[in-house]
**Q** 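Here it is, the structure in full.
Below, chain A is the first sequence line, B the second, and so on; all start at residue 1.
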Amino acid sequence: MLEFAQAPQSNRRTLFVDVILPLAISRNYTYRVPFEMNDHIAIGKRVVVQFGKSRLYTAIVAGVGELAPEKYEAKYIIEILDNKPIVTERQLQFWHWVAEYYMCNEGEVMNAALPSALKLASETKVTLNKEYEFDKTLLNDKEFMITEALDLQPELTISDIVKLLGQKTVMPVLKSLFEKNIIHISEEVSERFKPRRKTFITLHPSYNNQDNLRELFEILERRAPKQADAVLAFIKLSRQQKTVTKAELIEDSGAGDGSIRALIDKEVFIAEERAISRLRYDEDEEAISTFTLSDVQQTALEDIQNQFASKDVVLLHGVTASGKTQVYIRLIEAVIATGKQVLYLLPEIALTTHIIERLRIYFGGSIGVYHSRFNDNERVEVWQKVLQGEYKVILGARSSVFLPFQDLGLIIVDEEHETSYKQYDPAPRYNARDAAVYLANMHKGKVLLGSATPSFETYYNARTNKYGLVELNERYGGVQLPLIEVVSIAAETKQKTMQSHFTSVLIADVQQAIENKEQVILFQNRRGYAPVLMCRVCAYTPKCINCDVSLTFHKHTGKLHCHYCGYKEDSPSICPACGSTHLEYKGFGTEKVEDELSVLMPDARLARMDLDTTRSRNSLQNILNDLEDKKIDVLVGTQMVAKGLDFADVTVIGIINADSLLKYPDYRANERSFQMLAQVSGRAGRRGKQGKVVIQTYDPSHRVIRQVIENDYADLYSTELEERKGFNYPPFYRIINIDIKHQNPEILYNQAEYLANELRKHFGERVIGPEAPLINRIRNYYIKSIMLKFERENTSMAKAKALIRETITQFQTTKLSKGSIVQPDVDPY
DNA sequence: AGCACGCCGACT
DNA sequence: GTCGGCGTGCTC
């Protein structure tokens, strides 16, 4: 519970606050501050407010004023949760920008920004008021149940009570119990995030004396050999590391908890329980960085620093394995030396222990890590430490742009072209790379974008001098680029040398690699076994009942899965339409590749890495560990294998079917394919050995494949750019997509036509569509897309967005709009 | 987002 | 004749 200092009685001002609620509602709401909280209210603090009939929410104070709302009576704030603001004013300004730029609500931004533990009103704790006697017979059933439960368990959370009563609206009951003075309601922020505690063991100082120690051993070895083992293990461990925990000691010595306790009782060991950070880092690794940059790296580093003098954003265009990370480390060191913070953004998938450990070696305890595989307590801990300036460097995925930085000197966006920087569902549909540019600007800091295959938008900005540009064209340590061999599937099919989906060339290379005890990665950008099941007699294809997609067969479940809504059904053995038993699997995914390879190479150790095998918390790390420990010969996977894999013994990469990438119906398909292929290829071969990439395709002469072989990004860029120019696409134009959804396709048609026409009144030819997207129904909602293209030059996007917003709002007030969902997506991917 | 108020089908 | 389905609108 917060204590409220006695406010001076003369201070009879009435304060009102505007709060952001964690909901998708379009404005902020005004609450009245109870007089006694006047001295404690502040922007950026969390408050508990009642919103609607019975719901309590954690809201963020976005403004404080003295003006009473005229049209309604403001409700009172129930409680202030923080002694100090947990959101900075700069963050609120950032939230506001994100909401404006990406056309969503501040509440939605708040939801994406705050770890949920900081906004759970339902974690509020309820305890009995022990000083108060009451007559249980006067209570109603529900009140009685709660007090009974509190007799058994001293503390209940709101969610416990929801479960207990089996209903969601528990606030009225609690309110009545509270008013009867029977319970306390508290939100103990500081206690909610229990620090992790561990027992540390030290040796009693008297055993620093060798004679005493020897004597101890003699006694123990005779009477309690397990205890002797424990002491021995302690001595060994304490030589290797500064601190020894009880758990480590038990594990290392093989002695039981009892033996350790006996030694503690004998005062041989001293036990001390200490809070430790959940975010482990080994204190012993305070090693100082000793690597030296190559001349090329050094030049790049100086070049970047020079360009920062005149440019806020610099693109580091460096080929794979050119040692960008080392350049980053030097840059980070330089920035934190000035006392400022650094944010190092990486795509989620690349945030492996590998890179984390590597950076911890240099930055020890001043580096924090933030990504979605962290649980909520860990995230709150990072939040607090960033807020207090304890962390100087944050290594994180896209959502870490929302951390409460104090003074950001630099943001590094590695692999800036990655589409995973863009969030699509739910809103805010933001791109962390672009948001980072704004964020850095607010802090008067710099941004370094890094990529081997920059996005065209970024490269365009660099070429037109909006961004600085530094090139790093040499692989670090003289590692050669991989040899790329393109193999025609058509030709091998004709020669009958294909074995299922593998060409003879790929098979030979895989076998050779396994013989050499090297590793292989096979890339197939589709998960599951077969994406389509088709009846050979009547051509019937099972489709999802909720979406407009055919169902993918998954062998491990034996079911047909929908990759859009998660629907599953049993795979039929006879055609449901004509009764034929001739059902055929068309196409293939990672599961089938793995399956067929296991038949062709029964002795090879195979593993698969895709969404299905990495869903649980540690499974990704397990696969990576197995790969590192060389327990895997061949890894089959989707795009995941292109990212975050960095293993020295992978010498062969196989692209099972490049056409699936190249044929994608999207104006970015070529850009994407190049990025994908270049990135996967970059995984092949490291120090000392040239790697090999086998690209299997029906179209070996495809322009993009040629550009990949020649590693000619510049050529790709110039050819693609011409086409983009012709069709008014980025980087020359900015796109805003408006998806409109409805359960009824006819109503949707009318709604989409109406909305598009309204938009045309303002934007004319810039409005394209409505068109049905490739998949025109997902989760029972039909979809139409309206695309708006705006010239990059001389367009006020702020004004355009305001007009779009206005048009949508106007549409939503018409009867026609009933039942529709309108979702703007700014700079879509 | 949640919840209430409000208008049409299968039950005591 | 009521209980209850979920469709729309409001929440400071």
**Q** Does a side-chain N or O of A:Tyr29 approach OP1 or OP2 of C:dT11 to a distance below 4.0 Å, or not?
**A** no
**Q** Rounding to an integer number of Å, can you tell me how far A:Leu56 CG sits from B:dA1 C1'?
**A** 14 Å
**Q** CD of A:Gln812 versus P of C:dG9: gap in Å, rounded?
**A** 11 Å
**Q** Salt bridge check, A:Asp827 against A:Arg734: does any charged N sit closer than 4.0 Å to a carboxylate O?
**A** no
**Q** Could you tell me how far apart A:Glu73 (CD) and C:dC10 (P) are, to the nearest whole angstrom?
**A** 20 Å
**Q** Can a cation-pi geometry be assigned to A:Lys784 and A:Tyr749, taking NZ or CZ under 6.0 Å from the six-membered ring centre and within 45° of the ring axis?
**A** no
**Q** What does A:Ile25 touch in the nucleic acid at a heavy-atom separation under 4.0 angstrom: a base, only the sugar-phosphate, or nothing?
**A** base
**Q** Figure out the CZ/C1' separation between A:Arg27 and C:dC12, and round it to whole Å.
**A** 8 Å
**Q** In whole angstrom, give the distance that lies between atom CD1 of A:Ile821 and atom C1' of C:dT8.
**A** 14 Å
**Q** As a test of reading the structure: which of B:dA1, C:dG9, C:dC12 is closest to the side chain of A:Ala74, going by heavy atoms?
**A** C:dC12
**Q** Rounded to the nearest Å, what distance is computed from the NZ atom of residue A:Lys71 to the P atom of nucleotide C:dC12?
**A** 16 Å
**Q** Quickly work out the A:Leu23 CG to C:dC10 P distance and round it to whole Å.
**A** 17 Å
**Q** Let me know the distance between CG of A:Asp18 and P of C:dC12, rounded to the nearest Å.
**A** 14 Å
**Q** Could you tell me whether the side chains of A:Arg32 and A:Tyr76 share a donor-acceptor contact shorter than 3.5 Å?
**A** yes
**Q** Base, sugar-phosphate alone, or nothing: which one does A:Tyr31 contact when heavy atoms must sit under 4.0 Å apart?
**A** sugar-phosphate
**Q** Before accepting this row, confirm whether a basic side-chain N of the pair A:Glu66/A:Arg13 lies closer than 4.0 Å to the acidic partner's carboxylate O.
**A** yes
**Q** Looking at every strand, decide which applies to A:Lys818 at a 4.0 Å heavy-atom threshold: base, sugar-phosphate, or nothing.
**A** sugar-phosphate
